[in-house]
Amino acid sequence: MHYVHAKGILSVKNGMNLYRGCSHGCIYCDSRSKCYHMEHDFEDIEIKANAIELLENALKRKRTKCMLGTGSMTDPYIPLESEIGNVRKALLLAEQYGFGFTLITKSSRVLKDLDLLKRINAKTKCVVQMTLTTYNEGLCKKLEPNVSTTRERFEVLKELHNAGIPTVVWLCPILPFINDTEENIMGILNYCIEAKVYGIICFGMGMTLREGSREYFYKQLDQLFPHMKEKYIRTFGSQYELNSPRNSSLMRLFHQICTEKGIVHDNRQIFEYLNTFEEKNNYVQLSLFDEIREK
Ligand code: SF4
């Protein structure tokens, strides 16, 4: 790991990356792509030394409250978070200044912050987004080696629901010829149904590859799935989008099950939900009630 002094922390859409790089080792990771101009090894995590100071200043200056977000480029709950605690500090600031929060993770470490997630959710809105790609635990360990397995993530989703925290699942990427099966999709959907997730984001059954992510992915394929790389090259060449040959039937299944079970599966609607800041009236009422009781 190494430290840098950052110039800013919040993006125009109020997202933040408290770390850069990730040690979870997913073989398909897009964040490795050259277009992100990471000038250090992907596993050598960059820590923004002044991230929390920058965030506090930014929140103090904001005229209107909004949803804050993290996790689109780096999993916020990498093991280093237990040592550095930047995510927890950011959550504390969100709570203190009355902002909503949403984060994307594959790690059960998110539960360490359940107290804060609940407090933010009581005041405004807190949504946890979790990626699920592979129902089979053995296959999951191969594709996403250093992070909670799908079964563990499912347990986390249930615990979050029981704590009143809404959840959204990202069903992606689905790797052609590897986990693009009906059994895999149904396994994940059944987890989502049981964990009562609010919605599932899915852009299609497939994956993307570009310079940087492609080289790493192919190297891992060579080690884990002999001859698969050659099949990918034969089928997709150097395409950016690699759609599963089963895309149509699996997407039909996905939409059908979500419709039947009342899970939101319109990506636009889910993003709108994630971006909409809400203040809880009952929180205000409860606070008033507490004040009256104390008098
Ligand atoms: S958790 Fe996300 S950022 Fe980390 S390696 Fe996996 S895909 Fe990449």
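FYI, side chains are in, hydrogens and waters are out, and symmetry mates aren't considered; it's all heavy atoms of this structure. On a predicted model such as this, the values are computed, not experimentally measured, just so you know. Note that ligands are numbered from 1 as they come in the structure, with each ligand's atoms numbered from 1 the same way.
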Atoms of type N/O/S from protein, distance to atom 4 (Fe) of ligand 1 below 2.8 Å: 1
Residue pair Glu144 / Tyr28, side-chain donor-acceptor N/O under 3.5 Å: yes
Element-labelled atoms of ligand 1 that are located less than 4.0 Å from some non-hydrogen atom of Met73: 3 (S)
Whether over 12 other heavy atoms sit under 6.0 Å from Lys13 NZ: no
Within the 6.0 Å centroid threshold, strictly below: Phe217 and Tyr232: yes
Verify same cluster id: Met130, Phe254 (apolar side-chain graph, 4.5 Å): yes
ILVMFWY network linking Ile165 to Phe154, side-chain heavy atoms under 4.5 angstrom: yes
Side-chain donor-acceptor contact under 3.5 Å, Thr105 with Asp75: yes
